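Got a structure here, written out as structure tokens. Questions coming.
Numbering starts at 1 and runs along the sequence shown. None of the values given here were measured: they were computed from a predicted structure.
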Amino acid sequence: MTELVLTALRLGFLILLWVLVLSIVGALRRDLVVGKRANTGAPSVREAHKASAPEPAQPARQPFRSLQVVEGPLNGTTVELAASPILLGRAQEATLVLEDDYASGRHARLFPQGSRWFIEDLGSTNGTYLGDTQLTRAQPVEAGQKIRIGKTVMELRP
């Protein structure tokens, strides 16, 4: 092979290598932007379109006054709600100590924000459910929705 052909092959290989590196960096950037959008809760196009449609008037919310266990080992237990968050789990420092093998030490947190209460899973092993849906982020709790942690089911009461 001549020196010119060998140099051209080396240059082609170098260009191919750079194209590969730049495509990997581009894919990583796209993944990070998608992940960032999912974490910040930026609405998708469909959600943004839904949000622009007028919503029917909703009745005024009654403030919740207590959290009551309706199923499980602590059935009938009631915790009065205040302005501070409620920690749910098996740990002794939890506001409501759950006697449930499927609950983590620091399982979930129930906290007020404005006039609404939100439930958030704290990275538990078995998950926290609001209705039939497993939580992936903090969700508002509406009247009549059941919060399930293992065998324990709770409900906010006015």
Checking Leu67 against Thr95 for the side-chain contact (heavy atoms from CB on, under 4.5 Å) test, could you report, in this order, the C-alpha distance in whole Å, the side-chain angles of both residues, the deciding distance, and whether it holds?
CA-CA 11 Å; Leu67 172 70; Thr95 311; over 6 Å; no
Quick check: is Val153 connected to Tyr102 through a chain of hydrophobic side chains (ILVMFWY, heavy atoms under 4.5 Å apart)?
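Looking at the clustering, Val153 is in a separate group from Tyr102.
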Return the minimal non-hydrogen interatomic distance between Thr78 and Gln68, and the atom names on each side.
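Closest approach of Thr78 to Gln68, heavy atoms only: OG1-CG, 3.8 Å.
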For the residue pair His107 and Ser124, establish whether any side-chain heavy-atom pair is separated by less than 4.5 Å.
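Yes - at least one pair of side-chain heavy atoms lies under 4.5 Å apart.
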Roughly how far, to the nearest 0.5 Å, is the OG atom of Ser104 from the CG atom of Leu122?
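Between Leu122 CG and Ser104 OG, I get 9.0 Å after rounding to 0.5 Å.
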Least distance between heavy atoms, Ala108 atom then Leu87 atom:
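In terms of heavy atoms, the two residues are closest at O-CD1, 3.6 Å.
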Are the side chains of Glu142 and Gln145 in touch, meaning some heavy atoms are under 4.5 Å apart?
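Yes - at least one pair of side-chain heavy atoms lies under 4.5 Å apart.
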What pair of heavy atoms forms the shortest contact from Leu98 to Ala103, and how long is it?
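That closest heavy-atom pairing would be CD1-CB, 4.1 Å.
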Minimum heavy-atom distance between Pro112 and Ala82, given as atom pair plus value:
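Between these two residues, the closest heavy atoms are CG-O, 4.3 Å.
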Measure from the side-chain N and O atoms of Thr152 to the backbone N and O of Gly72, and report whether any donor-acceptor pair falls under 3.5 Å.
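No: the side chain of Thr152 does not pair with the backbone of Gly72.
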I'd like to check the ring pair (Phe, Tyr, Trp, His ring centres under 6.0 Å) partners of Phe118; sequence neighbours left out, ordered by chain and number.
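Ring pair (Phe, Tyr, Trp, His ring centres under 6.0 Å) list for Phe118, sorted by chain: Phe111.
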What is the distance from atom OG1 of Thr136 to atom CG of Asp121, rounded to the nearest 0.5 Å?
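It comes to 9.5 Å.
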State plainly whether one hydrophobic cluster holds both Val70 and Leu110, where clusters connect Ile, Leu, Val, Met, Phe, Trp and Tyr through side-chain heavy atoms under 4.5 angstrom apart.
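Result: no, two separate clusters.
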side-chain contact (heavy atoms from CB on, under 4.5 Å) partners for Gln134, two or more places apart:
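With sequence neighbours excluded, Gln134 shows a side-chain contact (heavy atoms from CB on, under 4.5 Å) to Tyr129, given in chain and number order.
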Could you report the tightest heavy-atom contact between Pro158 and Arg65, atom names first, then the distance?
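Minimum heavy-atom separation between Pro158 and Arg65: C-CG, 3.8 Å.
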Sorted by first residue and then second, give each salt bridge (charged side-chain N to carboxylate O under 4.0 Å, His left out) pair with at least one member in residues 81-103; sequence neighbours left out.
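Of all non-adjacent pairs touching residues 81-103, none passes salt bridge (charged side-chain N to carboxylate O under 4.0 Å, His left out).
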Partner set under side-chain contact (heavy atoms from CB on, under 4.5 Å) for Thr77, not counting sequence neighbours
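Here the qualifying residues are Val69, Leu74, Leu96.
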What side-chain donor-acceptor pairs closer than 3.5 Å can you find for residues 3-28, not counting sequence neighbours?
unit_1, atom_1, unit_2, atom_2, d
Thr7, OG1, Glu3, O, 2.9
Ser23, OG, Val19, O, 3.3
Ser23, OG, Leu20, O, 2.8

State, yes or no, whether a side-chain contact exists between Leu88 and Met154 at a heavy-atom distance under 4.5 Å.
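The answer is yes, as the side chains (C-beta and beyond) meet within the 4.5 Å cut-off.
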Salt bridge (charged side-chain N to carboxylate O under 4.0 Å, His left out) contacts in which one or both residues fall within residues 145-158, not counting sequence neighbours:
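Pairs touching residues 145-158 that pass the test: Lys146-Glu155, Glu155-Arg157.
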Would you say Thr128's side chain and Leu135's backbone share a donor-acceptor pair under 3.5 angstrom?
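A pair under 3.5 Å: no.
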